[in-house]
Amino acid sequence: MDVKIESSWKEALAEEFKKTYFAKIKTALLQAREEGRDVYPRGGLIFNAFNSTPLSEVKVVILGQDPYHQPGQAMGLSFSVPPEVKIPASLRNVYKELAATVDGFVVPKHGDLSKWAAQGVLMLNASLTVERDKAGSHAAIGWQDFTDAVIDVVSHQCEGVVFLLWGNFAKKKAERVDASRHHVLTAVHPSPLAGNGFLGCNHFILTNQLLQAQNKTPIDWQV
C-alpha cells in the first residue's frame, strides 16, 4: 500500500503498511466517505504530525487521544487547531501552564502549534481520525496498533526523547517506552474536566532541562 507520508517514517513503518490491520483502517475510512460521514482531519492532514516532524528530528513526543471532532478543528497535530479556530479548553490550560512557568511566554490568540512540530515535537494522537461529533469513534478501527508501532519506532531508533503523557489513556503507553534510553513525564490531562490538575506539572521547563542536559537545543514554546 502506497501511503503518502514523510520518507523517513515511510521507511521505518513500511511493514506496518503491509499488515491486515492497516488495510482495515483504509477500508473503514473509505466506507465512511461513501456513506457521507464526515471524518476529521481531512485526508491530506491525517499524517501531518509525521510530515511536520521527520523521525531523525524527534526530540519530544506529546501524545493525545483523538483528533478534535468538530468541523475545521483537527489538523493532524495533537492539541493544535488552525489559527482561525477558537482555542479549545484543553489547549487554554496548556497555555496557562506555559505562562506560569516559562519566562517571557505570552499567551497567543491562536491555537496553531505547528512551530513546536517544526522543532522536533512529534504531536501524535493515538487515533489519527475521528467522525464528526463522535469522540473515540475510530479508536477500534486499527489506529491503536499503528500508533503503538510509532511509539516503538521512536523508542528503538531515537535517543533521549522526552515523552509527555497527559491523562490516564496516554500514561498506559509508557510501557512501550524504553526508560533506559528516554524520559517519560506524566501528568493529569489538561482538560478542565480533569479538575485542572495539569497546572503545576512543570513539564515544559523539565523538558527543556532534559534536552539541554543532552546538549540538544531546547524547545522555544512561544507560538
- Keeping the roles fixed (side chain from Tyr40, backbone from Gly72), state whether a donor-acceptor pair exists under 3.5 Å. no
- Query: Thr207: what forms a side-chain contact (heavy atoms from CB on, under 4.5 Å) with it, not counting sequence neighbours?
  - Reply: Val60, Val162, Leu164, Leu185, Leu211, Trp221
- Keeping the roles fixed (side chain from Glu35, backbone from Ala32), state whether a donor-acceptor pair exists under 3.5 Å. no
- How about Val39 and Val130: do any of their side-chain heavy atoms sit closer than 4.5 Å? no
- Between Ile46 and Ile141, is there a shared hydrophobic cluster once you connect ILVMFWY residues whose side-chain heavy atoms come closer than 4.5 Å? yes
- Query: Applying side chain to side chain donor-acceptor pair (under 3.5 Å), which residue pairs with at least one partner in residues 184-206 are found, sequence neighbours left out?
  - Reply: Asn93-Asn196, Trp166-His203
- Distance-only, no hydrogens or angles: does the Thr147 side chain make a donor-acceptor pair with backbone N or O of Ala126 under 3.5 Å? yes
- Message: Distance check, rounded to the nearest 0.5 Å: Arg176 atom CZ versus Asp148 atom CG?
- Response: 4.0 Å
- Query: What about the rings of Phe146 and Phe22, do their centers lie closer together than 6.0 Å?
  - Reply: yes
- Item | Nearest-0.5 Å distance, CE of residue Met75 to CG of residue Leu45 | 7.0 Å
- Task: List the steps, then state whether side-chain hydrogen bond (donor to acceptor under 3.5 Å, both in side chains) holds for Gln31 with Lys26.
- Result: CA-CA 9 Å; Gln31 183 177 349; Lys26 184 177 181 180; over 6 Å; no
- Message: If I take atom CG from residue Asn51 and atom NZ from residue Lys4, how far apart are they, to the nearest 0.5 angstrom?
- Response: 11.0 Å
- Message: Can you list everything that forms a side-chain contact (heavy atoms from CB on, under 4.5 Å) with Lys19? Sequence neighbours excluded, please.
- Response: Glu16, Tyr21
- Task: Begin from the C-alpha positions of His138 and Thr129 and carry the test side-chain hydrogen bond (donor to acceptor under 3.5 Å, both in side chains) through to its verdict.
- Result: CA-CA 6 Å; His138 284 183; Thr129 58; 2.7 Å; yes
- Query: Which residues, ordered by chain and number, are linked to Phe169 in its hydrophobic cluster, where ILVMFWY side chains connect at heavy-atom gaps below 4.5 Å, directly or through other members?
  - Reply: none
- Item | Donor-acceptor contact present, side-chain Gln65 to main-chain Asn125, <3.5 Å | no
- Message: What's the separation between atom CZ in Phe163 and atom NE2 in His183, rounded to the nearest 0.5 Å?
- Response: 10.5 Å
- Task: With sequence neighbours excluded, give me every salt bridge (Lys or Arg N to Asp or Glu O under 4.0 Å) pair touching residues 177-200.
- Result: Glu159-Arg181
- Partners of Thr53 by side chain to side chain donor-acceptor pair (under 3.5 Å), sequence neighbours excluded? none
- Quick note, salt bridge (Lys or Arg N to Asp or Glu O under 4.0 Å) partners involving residues 47-74, not counting sequence neighbours, are none
- So how far is it from Leu113 CG to Ser80 OG, rounded to the nearest 0.5 Å? 4.0 Å
- Message: Counting C-beta onward and ignoring hydrogens, is there a side-chain heavy-atom pair between Leu122 and Ile62 closer than 4.5 Å?
- Response: no
- Note on the structure: Across all chains, not counting sequence neighbours, the ring pair (Phe, Tyr, Trp, His ring centres under 6.0 Å) partners of Trp9 are Phe50
- Task: Would you give the length of the straight line joining atom CG of Leu210 to atom NE2 of His182, rounded to the nearest 0.5 angstrom?
- Result: 13.0 Å
- Item | Qualifying side chain to side chain donor-acceptor pair (under 3.5 Å) pairs, either residue in residues 96-114, two or more places apart | Asp112-Ser114
- Query: Can you pull the salt bridge (Lys or Arg N to Asp or Glu O under 4.0 Å) pairs that have at least one residue in residues 192-221, sequence neighbours excluded?
  - Reply: Lys115-Asp220
- Inter- and intrachain pairs under salt bridge (Lys or Arg N to Asp or Glu O under 4.0 Å), touching residues 122-147, at least two apart: Arg37-Glu131, Asp38-Arg132, Glu131-Lys134
Using a 3.5 Å cut-off and no angle test, enumerate the donor-acceptor pairs between side-chain atoms of residues 82-90 and protein atoms at least two apart in sequence or in another chain.
none

- Query: Leu91 versus Tyr95: any side-chain heavy-atom pair under 4.5 Å?
  - Reply: yes
- Query: Would you call Leu77 and Ser52 a side-chain contact if the rule is heavy atoms closer than 4.5 Å?
  - Reply: yes
